[in-house]
Amino acid sequence: MASNPLEWLLIKSNLIARPVLDTQVGGTYVQVIMAAVKVGLFDAVAAGPATAEKIAADCGTHPASTAKLLPSLVASGYLRASGDQYELTKLSRKWLVTTSPHAVNDKLLLQFYELGLMQRADEYLRSGKPLDFHTGMTDDVWDSYQRGMKALTHGQTGMVAKAVPVPEGATDLLDIGGSHGAYSVALCRRHPSLRAVVLDLPDAVRHAAPLLAEDGMGDRVRHQAGNALTDDFGEECYDAVIIIGVAHHFSDAQNRELTAKVARALRPGGVYTIAEFPASKGQGKAQQLAALRDFYFALASESGTWSPSRMAAWQRAAGLKPAKPVRLAASGGLNLQSGIKSR
Ligand SMILES: C[S@@+](CC[C@H](N)C(=O)[O-])C[C@H]1O[C@@H](n2cnc3c(N)ncnc32)[C@H](O)[C@@H]1O
């Protein structure tokens, strides 16, 4: 947060009010980047250096307010200024231009909804009642949600597909809360005999269907609209079941019941792989990301992040044999916990 050694020293010595920096400056920082994405500012600059007036004209924004915004994007490393011209930096070119394969613009658009939930943190603190992330979303939010989730998979589906154990000769995969289906697509490409069912909520499927279609897998990867908490998955009909970044939406009891249903649906020798963000380990500065993520998931969903040992406990209780957990660099650290059904 400090922009020069003196500020750093003042913060370090507890002589200036860091809470104001953390919240007002931090909050403004967040909104400046998100607003720039929402009005298409980085796309407007993508064609080459442009003046504030030109950027405002291309974005359909007010010239005076656009001129006020641009220096904060320069100071934050998202734009570079040269005279009265602004251009992209490596950071914005990679992540915030919609034509980039790495673009996370849709995830930032979803964050308008997520920050709206976060503004109700005091309500959650008082009541202890999580706000249900999946109810109350408009059509636009569902769209950003599904697109944003797909955006976050870029560059890591191969790594995840390599790490998910699939039994030799497997033919059927169930992808619980699979959204866009990108992980199923990667697994089916890696295992030619495999076909996949991507189960997700009806609203999700409506918005994720065009995203899955982009991958051109035809019938090999198909959506199924439903609810993983209430649907029956059948008996001995899948060789592999995956659930990636979904268990944090479910409570301990729900995850236990779900794992029991999955165990029943697996064929002998089948594998259930749960992938989740790391849970925080103890206290301290190094845990900031994990602890904040855990609080966010607790507020916005049913539970929070889960440790591999807890995921293994669900598998053990369901009669599966937990394997050693695997930690991937994907998503800034993703834990994979697989449980195997005996033959
Ligand atoms: C955080 S996203 C993860 C999507 C995908 N697995 C990935 O890793 O990119 C969670 C997904 O779980 C779905 N979901 C949430 N509750 C569900 C339920 N009860 N049954 C089926 N899907 C559910 C959401 O609609 C959403 O698509």
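When reading the values below, keep in mind they use all heavy atoms of this one structure, side chains included, and skip hydrogens, waters and symmetry mates. Atoms within each ligand, like the ligands themselves, are counted from 1 in listed order. Just so we're clear, the structure is a prediction, and the values are computed from it rather than from any experiment.
- When only non-hydrogen protein atoms are considered, atom 20 (N) of ligand 1 lies nearest to Ala228 N, 2.9 Å.
- Here the protein heavy atom with the shortest distance to atom 19 (N) of ligand 1 is Asn227 OD1, 2.8 Å.
- Shown in contact with Val246 at under 4.0 Å from a heavy atom are these atoms of ligand 1, numbered in order with element: 10 (C), 12 (O).
- Within the structure, ring pair (Phe, Tyr, Trp, His ring centres under 6.0 Å) pairs that include any residue of residues 64-97 comprise Trp95-His102 (at least two apart or interchain).
- No close placement of the Phe133 and Phe297 rings is indicated, their centers lying 6.0 Å or farther apart.
- Here Asp203 pairs with Arg206 in a salt bridge; the nearest charged N to carboxylate O distance falls below 4.0 Å.
- None of Arg220, His180, Lys150 except one satisfies the side chain to side chain donor-acceptor pair (under 3.5 Å) rule with Asp215; the exception is Lys150.
- Looking only at protein heavy atoms, the nearest one to atom 23 (C) of ligand 1 is Leu201 CG, 3.7 Å.
- For the pair Lys341 and Tyr272, the cation-pi criterion (under 6.0 Å, within 45° of the ring axis) is not fulfilled.
- Protein heavy atom nearest atom 5 (C) of ligand 1, with residue, atom name and distance: Gly177 O, 3.5 Å.
- Val271 forms part of a hydrophobic cluster together with Ile340, judged by ILVMFWY side-chain heavy-atom separations under 4.5 Å.
- Near Ala204, with a cut-off below 4.0 Å to any heavy atom, the atoms of ligand 1 are 25 (O).
- When the side chains of ILVMFWY residues are joined at heavy-atom separations under 4.5 Å, either directly or via intervening members, Val164 and Val241 end up in two distinct hydrophobic clusters.
- When each atom of ligand 1 is checked for a heavy atom of Ile244 under 4.0 Å away, the hits are 3 (C), 5 (C), 6 (N), 7 (C), 8 (O).
- Taking all heavy atoms of His207, His180, Gln254 into account, the minimum distance to atom 7 (C) of ligand 1 is reached by His180.
- Regarding atom 10 (C) of ligand 1, its nearest protein heavy-atom neighbour is Tyr145 OH, 3.3 Å.
- Among all protein heavy atoms, the one lying closest to atom 1 (C) of ligand 1 is Gly245 O, 3.3 Å.
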Begin from the C-alpha positions of Phe295 and Tyr124 and carry the test ring pair (Phe, Tyr, Trp, His ring centres under 6.0 Å) through to its verdict. CA-CA 10 Å; Phe295 179 73; Tyr124 164 63; 5.8 Å; yes
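- With a 4.0 Å cut-off on non-hydrogen atoms, Lys150 does not touch ligand 1 at all.
- In this structure, the protein non-hydrogen atom closest to atom 13 (C) of ligand 1 is Asp200 OD1, 3.2 Å.
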